Amino acid sequence: MTSPLLRTAQDEELGEPSAAVKPATVFILDFGAQYSQLIARRTREANVYCEIVPHDTPWSTLAAREPAAIILSGGPESTLVPGAPEMDPAILRSGVPVLGICYGMQLVARESGAELVKLDHAEYGPATLSVSNRETPLFKDVPQQSRVWMSHGDSVVKLPEGFVKAAETARCNVAAMANDDRKAYGVQFHPEVVHTEFGKQVLHNFLHGIAGISSDWKMENFVDRAIAEIREKVGSDKVICALSGGVDSAVAATLVSRAIGEQLTCVFVDHGLLRKNEAERVVEAFRDVMHLNVDAVDARRRFLDKLAGVSDPEQKRIIIGHEFIRVFEEEAAKIPGVKYLVQGTLYPDVIESKTPASKAGHKIKSHHNVGGLPERMKFSLIEPLRSLFKDEVRALGRVLGLPEHIVQRQPFPGPGLAVRIIDAITDERLALVREADAIVCEEIDNAPLDPKPWQYFAVLTPVKSVGVMGDGRTYSNLVAVRAITSEDGMTADWARLPYELLERISTRIVNEVPGVNRVAYDITSKPPSTVEWE
């Protein structure tokens with residue numbers, strides 16, 4: 001099989017591991033938990049490489065990857081209900097260290113012969129964990145009592161053979177169980193959430209102490225191995241890279257450029273949906289600062305003509321993705337010998353575009369950098385960031401020596417301002433949201449905030465309201481401001497900006513942007529909302 005760094009459009013999600021992600025891999029079996037990605041983050045923070053895979057992935061598939069350990073996530077279902085998500089029983093017989101979390105613990109218990117019951121009242125929220133077995137390495141350096149976060153409706157009442165009770169809470173007699181001989185464990189609480197005081201220590205104990213995995217998931221090693229692999233695979237062929245102006249494509253292009261130099265041509269397409277002065281700044285940064293071979297294409301009019309009259313957000317994304325295909329076909333045709341296409345696909349892109357936990361998973365949004373483009377263009381893909389979260393990409397950028405203003409660039413959607421206009425796109429609406437966005441960015445960039453929000457922007461809503469400006473009555477647009485905090489973009493909370501800063505933003509937008517008489521601030525987290533409005 002092809003490595004995760006280089007794959008064709010037809011390759012499977014779970015491919016052969018490359019040297020860039022070896023030597024140790026932990027697999028997280030996803031049973032539909034809202035915290036699966038957080039388990040992955042905590043594992044990566046322990047400098048251990050991991051991948052989230054569907055809960056029904058066969059052991060034969062996992063065995064081919066020689067897993068160092070397996071973690072079973074939580075999930076919304078009950079193991080006592082017919083048709084509940086299952087795993088391949090061979091996993092528990094494999095001898096590979098296993099940690100079950102919440103639903104995962106109940107599944108380990110049930111498959112090992114335990115007795116479970118449904119609680120009269122489910123247990124959610126904080127609880128005090130009392131460690132009852134100090135001998136198990138799972139709770140090494142964890143205090144006798146600590147705060148944990150519980151979320152379960154079923155409970156183990158009779159332990160499976162070979163397991164001992166390792167911890168309890170006031171309402172859960174078996175809050176953790178251990179079989180040290182089999183290296184099989186279960187915890188009824190969530191060690192991955194910040195509400196669990198010593199959750200990181202529990203995961204550290206499992207990954208390093210029990211599974212014996214070394215802390216070798218480091219960006220320096222990733223860079224060396226990725227560059228060597230790209231050189232080996234590409235040889236003397238030509239490569240084309242799509243630049244969007246964001247940190248993802250900048251880091252991907254720089255990494256590939258380090259490997260093959262002038263064999264790489266970067267194509268930056270100005271689709272007319274960028275932020276104020278963005279096109280000029282991007283080209284200058286790529287050419288003058290990063291010294292990449294950049295072909296800048298002015299395609300503003302053709303994109304805007306295609307989008308005329310379209311208000312549906314998914315349709316906008318599809319149109320923009322298809323037009324990107326056409327532009328790249330034209331530009332690629334000008335470069336003889338192009339066989340590979342570089343894309344800045346991240347792990348959250350992969351997760352959100354194709355939910356790994358279930359074949360019936362819902363796609364949250366279309367990504368033109370995940371679907372459509374490779375199959376149409378018949379190139380083999382180079383996706384050097386496919387296994388990384390956003391904060392890991394920033395760390396990689398620093399290792400590569402990228403300037404901090406590029407590394408810290410806030411995320412910007414591929415479809416650009418098209419998804420920040422909640423209506424059909426017109427030149428007038430683009431100008432309005434572009435100016436409002438510039439004010440939001442300028443004020444937040446200049447404010448003494450520590451830390452800065454992860455992402456911040458303006459949205460032009462389809463709402464108009466009555467206002468009074470001067471001595472006249474107005475009926476003008478409502479602009480919404482969005483600022484969020486996040487670690488990796490998988491989850492997010494709204495940023496608690498100072499009132500004085502919000503006041504300055506509102507005052508400037510209303511005074512400086514014609515056609516706006518009202519500003520609202522979005523205070524919704526992800527979930528239940530998404531970062532973008534469309």
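Everything numeric here is computed off the predicted structure, so don't read it as measured data.
- For the pair Tyr521/Leu497, a side-chain contact is recorded, criterion being any heavy-atom separation below 4.5 Å from C-beta on.
- Counting heavy atoms of neighbouring residues, nucleotides and ligands inside a 6.0 Å radius, atom CD of Glu404 exceeds 12 of them.
- Closest approach of Leu501 and Glu443 over heavy atoms only: CD1-O, 3.7 Å.
- In this structure the side chain of Thr25 never reaches within 4.5 angstrom of the side chain of Pro67, judged on heavy atoms.
- Screening residues 299-309 for salt bridge (charged side-chain N to carboxylate O under 4.0 Å, His left out) gives Asp270-Arg300, Asp298-Arg300, Arg301-Asp305, Arg301-Asp427, Arg302-Glu323, Arg302-Glu330 as the qualifying pairs, with residues at least two apart or on separate chains.
- With salt bridges taken as basic N to acidic carboxylate O contacts below 4.0 Å, one links Lys334 and Glu331.
- Shortest non-hydrogen contact noted between Val251 and Gly397 is CG2-CA, 3.9 Å.
- With Phe457 as the aromatic partner, Arg420 meets the cation-pi criteria of under 6.0 angstrom to the ring centre and within 45 degrees of the ring axis.
- Rounded to the nearest 0.5 angstrom, Asp493 CG and Thr485 OG1 are separated by 5.0 Å.
- Here the options are Thr461, Leu460, Val419, the test is side chain to side chain contact (heavy atoms under 4.5 Å, CB included), and the partner is Trp533; only Thr461 passes.
- In this structure, Lys390 pairs ionically with Asp248, as a charged nitrogen and a carboxylate oxygen lie closer than 4.0 Å.
- In this structure, Gln455 contributes its side chain and Pro411 its backbone to a donor-acceptor pair below 3.5 Å.
- Identified under the salt bridge (charged side-chain N to carboxylate O under 4.0 Å, His left out) test for residues 409-418, with sequence neighbours left out: Glu278-Arg409.
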### Task
Would you check, one step at a time, whether the test side chain to side chain donor-acceptor pair (under 3.5 Å) holds for Tyr456 with Asp445?
CA-CA 10 Å; Tyr456 39 96; Asp445 286 342; 2.4 Å; yes
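- Summarising the geometry, atom NZ belonging to Lys339 is positioned 7.5 Å from atom OG belonging to Ser236; distances are rounded to the nearest 0.5 Å.
- The closest side-chain heavy-atom distance from Val256 to Cys241 is not below 4.5 Å.
- Formation of a donor-acceptor pair under 3.5 Å by the Arg258 side chain with backbone atoms of Leu400 is found in this model.
- Judged by the 6.0 Å distance and 45° axis criteria, Arg44 is not positioned over the aromatic ring of Phe389.
- Remark: the backbone N or O of Lys200 is not paired with any side-chain donor or acceptor of Arg42 at under 3.5 angstrom.
- Residues Trp59 and Ser94 approach most closely at CZ2-CB, 3.3 Å, considering heavy atoms.
- Taken from CD in Glu192 to CD1 in Ile71, the straight-line distance is 9.0 Å, to the nearest 0.5 Å.
- When atom types are taken as modelled, the side chain of Arg287 and the backbone of Val294 share a donor-acceptor pair closer than 3.5 angstrom.
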### Task
Decide yes or no on side-chain contact (heavy atoms from CB on, under 4.5 Å) for Glu435 and Ile439, but give the supporting numbers first.
CA-CA 6 Å; Glu435 290 300 321; Ile439 291 170; 5.6 Å; no
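- Between Val48 and Val26, the shortest heavy-atom distance links the atoms CG1-CG2, 3.6 Å.
- With a 4.5 Å cut-off on side-chain heavy atoms, Ile505 and Ile444 count as touching.
- Taking Phe268 as the reference, nothing meets the ring pair (Phe, Tyr, Trp, His ring centres under 6.0 Å) condition, with sequence neighbours excluded.
- Between Ile425 and Lys316, some side-chain heavy-atom pair lies under the 4.5 Å cut-off.
- Here ring-ring contact (aromatic ring centres under 6.0 Å, His included) pairs that include residues 288-318, with residues two or more places apart or in two chains, are His271-Phe303, Phe303-Phe324.
- Between the side chain of Gln263 and the backbone N or O of Asp237, at least one donor-acceptor pair lies under 3.5 Å.
- In terms of modelled atom types and a separation under 3.5 Å, the side chain of Asn446 and the main chain of Glu442 share a donor-acceptor contact.
- The shortest side-chain heavy-atom distance between Arg41 and Asp391 falls under the 4.5 Å cut-off.
- Taking the ring pair (Phe, Tyr, Trp, His ring centres under 6.0 Å) definition, one finds that Tyr103 meets it with Phe31, sequence neighbours left out.
- The side-chain heavy atoms of Lys452 and Gln408, taken from C-beta on, include no pair separated by under 4.5 Å.
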#### Entry: Ile91/Leu29 under side-chain contact (heavy atoms from CB on, under 4.5 Å): CA gap, chis, key distance, verdict
CA-CA 11 Å; Ile91 291 173; Leu29 269 60; 3.6 Å; yes
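- The backbone N or O of Gly414 sits nowhere less than 3.5 Å from a side-chain atom of Arg317 that would complete a donor-acceptor pair.
- Looking at Val96 and Leu62, their side chains never come closer than 4.5 Å, going by heavy atoms from C-beta outward.
- For the atom pair SG of Cys50 and CD1 of Ile70, the computed distance is 13.0 Å after rounding to the nearest 0.5 Å.
- Summarising the geometry, atom CD1 belonging to Ile39 is positioned 8.0 Å from atom CG belonging to Leu203; distances are rounded to the nearest 0.5 Å.
- The backbone N or O of Thr524 lies less than 3.5 Å from a partner atom in the side chain of Arg482, making a donor-acceptor pair.
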#### Entry: Worked check of side-chain contact (heavy atoms from CB on, under 4.5 Å) between Val433 and Val479
CA-CA 8 Å; Val433 74; Val479 163; over 6 Å; no
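- Partners of Arg394 by salt bridge (Lys or Arg N to Asp or Glu O under 4.0 Å), not counting sequence neighbours: none found.
- Of all heavy-atom pairs between Arg434 and Gly272, the closest is NH2-O, 3.0 Å.
- When all heavy atoms are compared, the tightest approach of Cys266 to Leu243 is CB-CD1, 3.3 Å.
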### Query
For Leu255 and Ile227, what are the C-alpha separation, side-chain angles and deciding distance, and is it a side-chain contact (heavy atoms from CB on, under 4.5 Å)?
CA-CA 7 Å; Leu255 182 59; Ile227 286 177; 3.8 Å; yes
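- Separating the NZ atom in Lys238 from the CZ atom in Phe379 is a distance of 12.0 Å, to the nearest 0.5 Å.
- A distance-only check finds no donor-acceptor pair linking the side chain of Asn293 to the backbone of Glu262 [under 3.5 Å].
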